[in-house]
There are 2 protein chains.
Amino acid sequence: MKDVAARAGVGLKTVSRVVNAEPGVTPDTERRVQEAIESLGFRRNDSARVLRKGRTASIGLVLEDLADPFYGPLSRAVEEVARAHGALLINGSSAEDPGREQELVLALCARRVDGLIVIPAGDDHRYLEPEIKAGVATVFVDRPAGRIEADAVLSDSFGGARSGAAHLIAHGHRRIAFIGDQPRIHTAAERLRGYRAAMADAGLAIDDSWVSLGSTAPERVRDAVAAMLAAPEPVTAILAGNNRVTVTVVRHLAACERPVALVGFDDIELADLLGITVIAQDAAALGRTAAERLFRRLDGVSEAPRQVTLDTALIPRGSGEIPPAG
Amino acid sequence: MKDVAARAGVGLKTVSRVVNAEPGVTPDTERRVQEAIESLGFRRNDSARVLRKGRTASIGLVLEDLADPFYGPLSRAVEEVARAHGALLINGSSAEDPGREQELVLALCARRVDGLIVIPAGDDHRYLEPEIKAGVATVFVDRPAGRIEADAVLSDSFGGARSGAAHLIAHGHRRIAFIGDQPRIHTAAERLRGYRAAMADAGLAIDDSWVSLGSTAPERVRDAVAAMLAAPEPVTAILAGNNRVTVTVVRHLAACERPVALVGFDDIELADLLGITVIAQDAAALGRTAAERLFRRLDGVSEAPRQVTLDTALIPRGSGEIPPAG
DNA sequence: ATGAAAGCGCTAACAG
DNA sequence: CTGTTAGCGCTTTCAT
């Protein structure tokens, strides 16, 4: 910039004015500066700008795994809102590891992102307190923050699971399984709670062997399904706790002679063709809502942290309407 | 940092040494500094650091759409490599708009990312020349750069499409359609070329009505398929040019009484259950290879720009082995 | 082993 | 309308 000023024979500030399209420059000098910029191939160094202005015009998004089809649309939605506000998006995958989540979040804070959207892996976010106090706006998505007060945008996991289970009950099922993610994950716990509530509503007792929580690795889920179906009084329907589980269950049931009803949490591409009944949440809306909330905070709106819950929708496609076998 | 120094009663540089774990500090003073850091909740401002050091430890990834299931795994793979090198990932979606691509790329350059991985939307990247000359390492993925020399990591679109078409021919088809993306997109053009090559290899003439290129919007694709199947001598097989096209074609064929063979480019989740034969490319390998190449350049290795091509794999699952109808 | 001073590239606050 | 000065928070250089 110094060079540009020298070359154009003007002061430093004048160049700055031109670069930032600030008023107060004669068309003539502006032209001279522009020429100097062109010929020197000058481009403003945003790092220096950030240092001076205190705002980076970038926000961080920490999620579980960008390769998961649920998070792609969410991330894209966040990006669109950020773009509308002139901000860039830095994202990182925690791989469901609390340590890695913290590492990522703190790295983003060190870069002085203006705001942070976090899909938490851990359940204790007190490490974020100093950062939030220092002015980093933070919104949690999909799962609430642990041990601190913060904005959160969630799907109605409890209600969704409850309606899914109720749907199966309404179609005559009595022995219904729930296969979910690790219970420490908030959504998994909520969905389990929804399942239990629906069963209780119908006056149905739950056999312990019908509930299986743990890793969503295909082997684990496959074994769980196999065990449930091999029991003397096997379950006649399955409520799958998330998209990974649903996929594995579908694969397993396809190779299974006995018809078993299935309702999956989260919609999946091509689920329509496979006739899979699902409880759909709107990943893009989740991301959009969170990002909008974040930017509202960045614009200086200060209200108490609030939790927003988005509805889910049960989409019947066949698999959830199969009557009980036997 | 100034505050920390004051509080610990040491010089600025000593704090810097402690923060960066540089040698030359007595354990005792180090402890004092650590205490000051703790109590002040100090965290290094990376923006300032960047300004001084000239490296941001971040790389940019510009792709078409993060919500597309093809790019999620690619992005994640890039992220993992970046993480191994201590860098963060900033990504942006061009929405297949060359102007937006350029805008994003230049914004990333202004932030002084150390390197750039680009899945180009446009076909003229001369705007990048000054940046590359200024030291921004750049690797193109999925599609080559336009009008400049640069590293590129590609899938073998030509070979993949050729083998897909050959597969259909081997199963007795003679009237085979190709439905692809806009021809200005390199992969679309290459796949079309592969299709033509396979037909030529088999001595089959191609009727113009069998080829349809354009937007991958469901309506456009649906209409194209409908027109082809309504012809007096309809095609008996379809080669779909990418994952979006495949999905739409599958939906349409599912509602169709006449059996039509299908081979899709790109694997899709649950394609195994639907029995869709595909030409699979390894999105994660694409991302990983590109990122590794980028970091090799950042580590100072300077060789001539090179184009790497990764193989594709034809996975027969049923839809591609349907014999010709009639 | 430690610190003082200079400066990375930019912008805010004042002059002129 | 334009330029000068100071300083954002850090690292580098060179003394001490």
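Protein chains get the first letters and strands the later ones, always in sequence-line order, with residue 1 at the start of each.
Nucleotides of DNA chain C lying under 4.0 Å from heavy atoms of chain A occupy a range whose first and last members, 5' to 3', are C:dG9 to C:dA13.
With sequence neighbours excluded, the residues that form a side-chain contact (heavy atoms from CB on, under 4.5 Å) with A:V15 are A:M1, A:V4, A:A5, A:V10, A:V19, A:V33. With sequence neighbours left out, B:R100 forms a side-chain hydrogen bond (donor to acceptor under 3.5 Å, both in side chains) with A:E80. Partners of A:L104 by side-chain contact (heavy atoms from CB on, under 4.5 Å), not counting sequence neighbours, listed by chain and number: A:V62, B:L88. Under the side-chain hydrogen bond (donor to acceptor under 3.5 Å, both in side chains) criterion, A:R44 pairs with A:N20, A:D46, sequence neighbours left out. Qualifying side-chain contact (heavy atoms from CB on, under 4.5 Å) partners for B:A150, counting only residues two or more places apart in sequence or in other chains: B:F140, B:A145, B:I148. The side-chain contact (heavy atoms from CB on, under 4.5 Å) check on A:A134 picks up nothing, with sequence neighbours excluded.
Side chains of B:S93 and A:E79: a donor-acceptor N/O pair is present below 3.5 angstrom, by distance only.
For residues 73-114 of chain A, the ring-ring contact (aromatic ring centres under 6.0 Å, His included) pairs, not counting sequence neighbours, are A:H85-A:F295. Screening residues 291-301 of chain A for side-chain hydrogen bond (donor to acceptor under 3.5 Å, both in side chains), with sequence neighbours left out, gives A:D151-A:R293, A:D151-A:R297.
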Checklist outcome for this item: Counting primed atoms, P, OP1 and OP2 as sugar-phosphate and everything else as base, the B/S/- map of nucleotides 10-16 of chain D against protein heavy atoms under 4.0 Å is SBB----
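At a non-hydrogen distance threshold of 4.0 Å, nothing from residues 24-36 of chain A comes into contact with DNA chain C.
Inter-axis angle, ends of the helix from C:dA1-D:dT16 to C:dG16-D:dC1, five pairs per end, rounded to 10 degrees: 40°.
What separates CG of B:L51 from P of D:dG7 is a distance of 17 Å, to the nearest Å.
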